[in-house]
Amino acid sequence: MDDHPVVRDGICSLLGAVPGFEVVGDADSGPAAVARARELDPDVVVMDLRMPGGGGVEALREIRRLGLRAQVLVLTTYDTDSETVAAIEAGASGYLLKDSPTEALVAGVRATAAGETVLSPTVMARLASHVRSPVRSGALTAREREVLVLVARGRSNRLVAEELFVSEATVKTHLVRIYEKLGVTDRAAAVAAGYQRGILG
């Protein structure tokens with residue numbers, strides 16, 4: 001989803017040529033992106049942030065409000081604190097910059113489809129430096145911190161469960177508690193909050 005036809009066509013062509021990928025549609029604005037996501041029910045939406053008629057953040061919020069299953073990977077040129085944090089808090093599963101290598105984009109789409117968090121190094125650094133009020137002492141238990149660290153490393157619930165020798169249901173329970181304590185609603189926002197509050201890194 002990008003308002004520049006050349007960029008949009010390029011991304012569609014690139015991803016459409018990857019074995020196992022199917023590009024089911026595109027859009028040139030935030031509202032159009034939401035409409036296409038409702039119509040086509042994709043696994044992943046690759047979205048720019050600044051588009052006419054409503055940007056990516058507004059579209060992200062609407063996709064989440066509607067309860068669509070699509071995971072959203074932001075692909076943009078903007079990496080300011082305000083853009084990054086707003087997108088993550090709106091429900092983006094990942095955030096990559098348009099100067100990322102092709103293989104990083106392909107890997108990012110795969111990881112996003114698998115429910116993993118994808119953040120470019122530049123964005124990760126910005127989130128780490130964007131300090132909010134520190135989390136209360138003892139707010140996360142030692143095990144919750146372990147889960148959050150593994151999530152930040154891109155591990156799926158299954159892999160977290162394997163590394164910690166617990167069930168996936170237990171991991172999900174820890175994640176629910178982490179979300180509640182950090183005031184977030186998904187994995188990407190939890191990772192962002194973890195860096196912002198000094199829990200990670």
Side-chain angles (χ1 to χ4, degrees), residues 1-124 126-127 130 154 156 179 184-193:
M1 311 302 182
D2 194 292
D3 60 318
H4 295 96
V6 172
V7 174
R8 192 169 66 250
D9 291 347
I11 293 172
C12 289
S13 296
L14 187 157
L15 295 178
V18 177
F21 284 17
E22 180 185 3
V23 177
V24 295
D26 60 27
D28 60 2
S29 70
V34 175
R36 296 292 271 168
R38 292 185 70 175
E39 172 192 357
L40 299 169
D41 191 30
D43 296 311
V44 177
V45 173
V46 179
M47 187 182 305
D48 195 4
L49 285 184
R50 297 188 186 178
M51 294 180 287
V57 171
E58 291 80 5
L60 268 163
R61 292 192 181 113
E62 185 65 6
I63 286 171
R64 290 290 162 258
R65 187 189 71 78
L66 292 170
L68 303 183
R69 71 182 186 88
Q71 300 297 312
V72 179
L73 174 63
V74 170
L75 181 66
T76 186
T77 57
Y78 306 103
D79 65 345
T80 63
D81 289 351
S82 59
E83 299 277 2
T84 304
V85 174
I88 296 298
E89 291 183 341
S93 298
Y95 198 116
L96 294 177
L97 300 180
K98 286 183 178 176
D99 62 0
S100 300
T102 298
E103 56 269 23
L105 174 58
V106 172
V109 171
R110 281 204 178 97
T112 301
E116 300 172 6
T117 302
V118 181
L119 297 173
S120 72
T122 302
V123 171
M124 190 80 77
R126 281 198 172 276
L127 290 176
H130 186 83
S156 64
Y179 296 165
V184 300
T185 58
D186 57 47
R187 299 166 73 89
V191 171

Heavy-atom donor-acceptor pair, Arg36 side chain to Asp26 backbone, under 3.5 Å: yes

Residues Leu68, Asp41; criterion side chain to side chain contact (heavy atoms under 4.5 Å, CB included); working and verdict: CA-CA 7 Å; Leu68 303 183; Asp41 191 30; 5.8 Å; no

Spacing of Leu40 atom CG and Glu22 atom CD [to the nearest 0.5 Å]: 10.0 Å

Basic-acidic side-chain contact under 4.0 Å: Arg8, Asp28: no

Shortest non-hydrogen contact between Leu97 and Thr77, atoms and distance: CD2-C, 4.5 Å

Flag, side chain of Arg64 to backbone of Ala90, donor-acceptor distance under 3.5 Å: no

N/O donor-acceptor pair under 3.5 Å between Tyr95 side chain and Thr76 backbone: no

side-chain contact (heavy atoms from CB on, under 4.5 Å) involving Ala113 - partner list, sequence neighbours excluded: Val44

Heavy-atom check, side chain of Val106 versus side chain of Leu14, under 4.5 Å: yes

Minimum-distance pair of heavy atoms, taken over all atoms of Ala33 and Ala27: N-CB, 3.6 Å

Spacing of CG belonging to Leu75 relative to CG belonging to Leu49, to within rounding of 0.5 Å: 9.5 Å

Cationic N near anionic O, under 4.0 Å, Lys98 to Asp48: yes

Gln71 side chain reached by Ile63 side chain, heavy atoms, under 4.5 Å: no

OH-OG1 distance between Tyr179 and Thr185, expressed to the nearest 0.5 angstrom: 8.0 Å

Minimal non-hydrogen separation, Val74 against Ala92, with atom names: CG2-CB, 3.8 Å

Arg38 vs Leu66, side chain to side chain contact (heavy atoms under 4.5 Å, CB included): CA-CA, chis, key distance, verdict: CA-CA 9 Å; Arg38 292 185 70 175; Leu66 292 170; 3.5 Å; yes

Validation row: Val72, Ser93 side chains within 4.5 angstrom (heavy atoms): no

Minimum heavy-atom distance Gly30-Ala59, with the two atoms named: O-CB, 3.7 Å

Verdict with reasoning, Ser100 to Leu105, per side chain to side chain contact (heavy atoms under 4.5 Å, CB included): CA-CA 7 Å; Ser100 300; Leu105 174 58; 5.6 Å; no

Side-chain touch Ile88/Leu119, heavy atoms, less than 4.5 angstrom: yes

Residues Val45, Leu73; criterion side chain to side chain contact (heavy atoms under 4.5 Å, CB included); working and verdict: CA-CA 6 Å; Val45 173; Leu73 174 63; over 6 Å; no

Minimum heavy-atom distance between Val23 and Gly16, given as atom pair plus value: CG2-N, 3.6 Å

Nearest-0.5 Å distance that lies between atom CZ in Arg187 and atom OG in Ser156: 7.0 Å

Heavy-atom pair with the smallest gap, counting every atom of Leu96 and Ala104: CD1-O, 3.8 Å

